[in-house]
Amino acid sequence: MCEFNLNCYAHVILCFEKCYTNKVVIIIFLKIFKHCFSGTRFRPLSFEVPKPLFPVAGVPMLQHHIEACAKVPNMKEILLIGFYQPNEELNRFLLNAQQEFKISIRYLQEYAALGTGGGIYHFRDQIVSGSPEAFFVLNADVCSAFPLTEMLSFQKEHGEPNSFVILGTTANRKQSMNYGCIVENEESNEVLHYVEKPSTFVSDIINCGIYLFNPDIFQHIGAVFQKNQQDMLLLLGTEPTNGWHRAEAIRLEQDIFTALAGQGKLYVYKTLSFWSQIKSAGSAIYASRLYLNQYHTTHPERLASNKEGGPKITGNVYIHPTANIDPTAVLGPNVSIGTGVTIGAGVRVRESIILHGANLQDHCCVLNSIVGWDSTIGKWARVEGTPSDPNPNDPYAKIDSETLFREGKLTPSITILGCNVTIPSEVIILNSIVLPHKDLNRGFKNQIIL
Amino acid sequence: MKALILVGGYGTRLRPLTLSVPKPLVEFCNKPILLHQVEALVKAGVDHVVLAVSYMSELLEREMRVQEQRLGIRISLSHEKEPLGTAGPLALARDLLNDDSEPFFVLNSDVICDFPFKDLLQFHRNHGKEGTIVVRETVQVFPMLSCCILTEPSKYGVVVYEADSGRIHRFVEKPQVFVSNKINAGMYIFNPSMLSRIQLRPTSIEKEIFPVMAGEGQLYAMELQGFWMDIGQPKDFLTGMCMYLQSVRQHAPERLRTGPGFLGNVLVDPTAQIGENCTIGPNVTIGAGVVVEDGVRIKRCTVLKGSRVRSHSWLESCIVGWSSSVGQWVRMENVTVLGEDVIVNDELYLNGANVLPHKSINESVPEPRIIM
């Protein structure tokens, strides 16, 4: 079985040439440690597709990043840095994106999982070629309005010419501790203190995983790299050979930002625009909602509308042109329908992602679920999950980090059907996760079905 | 002679093991399940095995090429693109099975037993009719294992046949009252003429084909001697392992490992290393390259290739997946199954944990659940 089971960070680096040509580097990382918990949080969907290519609001997750970058004037190149073996799907995506946005997009494969800082450091020559003034770095698994131009203006107005900027947003007190926390000087917006996932409350301003750097950053990463190497030699007496203690495995957040805080080099630009992490499958539905909403201003053509002979649409719905939908179906709000999907008579879909090739038979009801590629849902079946959305009454609430289990029981969450799952007629599948290629013969509640 | 093995699809009941390796290649007592069956077939004179699969695996194809060479036989793959039920695959493989007039074997890929293929062939030739199915008792008693396995007849088709000749009178699907305690063991032999009874569509052999053959007096039953198990899910995989090892003790005791520190039936690959002060067994299988450190207690487990069990741990009724690592002072029990490359940290307790591949376990699992 081939699996894209490791978490990834995409970093987009945007470079400005002296003549204002821009280079963007997207770095897709594998988490440093293969057995890290979050490396498998996108299962079972990650069995089929690398997370950065999972469709959110109808298009691959990464495409939202690329579209945002393409808006910045004089965009020229995108570099993707990651540990994935290049595969057909990734290559096809890159090719299509190149053609559509008319920019060069290259994938640079790391030789080992080098961490968020190590990756850009390793390829620094490629990044600084053409002498850009500054560049952006974006994580792949964030959903954001990407206020890149605003970050640029902010950088020019604040602090010293070669300062770095972190995009920040406000979280509520309790949830802030799940993220990188930023303590700022409220007047100058300088970052005074940075802690990644603190155990006690530090600040309600959190790191969005979107940064604006300039080539000076490599001096700082280089210094950490040297220090790591020396520490390794002291500790082990020899060059480390296994991935756990590579000198080049450098995390921007823990190793670089923490050191740079309070030195007059690091600033935070706070945004009120939407932002969310996409760690688990459930958060993909929430991210879809955010992007679908954004389509009103950015891509209104992607939003379905009520038409003669078409299904009834409520709220924001994306329907791929090749989908075949019965006019008596009712879709939305927050629904994405993929390529070649068939939806029968009287079907109700709400707050869900229906992946390509799926077949929803007459009168079935799909709520708060992700229906996998080529799956079939039988007549009158009910496939339902429990949304894990942030509290709508709290403007700063973020989607929960979602542990699958609490007190030994499976936490009610989004129902996920893996690829090629068959749900028989008239059953209920509630708060369950079904692994690929299962042919169910009855209903299930609150279970993982292997 | 030919044989058709119904391999089927993704082997989802044996997940998480089958997330890494196709089910026929999962090692049962240190040999891929499929090989137990193929080798027994070859001994009975089979030189062409057809695997009926509904999911093509490159790994399986490659391994089959290797076995072809090794055993000097032909292995074909018949790929059903749509579900064909239990009889349809025979129709799909018709051309492969039909090319001479010799009878062909059919068996279910999850079955493990003392394969009676030679006897079956003889029995079949003696009565000269179109088909013979192997039947088994619904109660199996194992005095040496102090256990008795009862299969509910009503879950399967029950077979009613003449004790002397073996001629089957009828099948009763899920009987409400006691009819017979003999059920289908999932192994058959047929004359190629029987293939004309099956159309290429989803067909149930038990419901549509056998009753007709029985009605015409063309179907006979042969009783299976010895143990039988469907090892398609972890709990039964372990039970089957116990039965198989007991059978090894009876027929080839030199294969088992004995001596200080080994209790009951234990099978250890020659390349495995066992530390000091361990107590291994009864009913344990240790795969190739496995390292068991000092002071480990293992009972009723399968430890697959390349794993490491670190010191002072206690394992009962578990399957440790390939290349996994179990920490020190770990207690694992109650059909805990570790997929490939799982790391269990020190001093944890796993009760009925079902762990998917490439996971690292940092917390105890006090109640059975799936770790994804």
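Quick note: numbers below take in every heavy atom, side chains included, and nothing from hydrogens, waters or symmetry partners. Each chain gets a letter, A, B and so on, in the order its sequence line appears, and its residues count up from 1. No experiment lies behind these values; they were computed from the predicted model shown.
- Put simply, the residue from B:I370, B:L356, B:N354 that forms a side chain to side chain contact (heavy atoms under 4.5 Å, CB included) with A:I448 is B:I370.
- Atoms CD1 and CE, on A:I416 and B:M372 in that order, are 6.5 Å from each other to the nearest 0.5 Å.
- Residue pairs meeting the salt bridge (charged side-chain N to carboxylate O under 4.0 Å, His left out) criterion with at least one member in residues 9-22 of chain B, sequence neighbours excluded: B:R13-B:D110, B:R13-B:D230.
- Heavy-atom neighbours of B:K235 NZ from other residues, nucleotides or ligands within 6.0 Å: at or below the threshold of 12.
- Of the atoms belonging to B:P16, heavy atoms from both backbone and side chain fall under 4.5 Å from chain A.
- Shown here is A:Q109, whose CD atom has more than 12 heavy atoms of other residues, nucleotides or ligands within 6.0 Å.
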Apply side-chain contact (heavy atoms from CB on, under 4.5 Å) to the pair B:L19 and A:L435, showing each step before the final yes or no.
-> CA-CA 10 Å; B:L19 288 173; A:L435 260 66; 4.0 Å; yes
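- Within the structure, every pair that satisfies the salt bridge (charged side-chain N to carboxylate O under 4.0 Å, His left out) test and touches residues 54-67 of chain B, not counting sequence neighbours, is listed here: B:R65-B:E68.
- The minimum heavy-atom distance between B:P357 and A:R43, with the atom names listed, is O-NH2, 2.7 Å.
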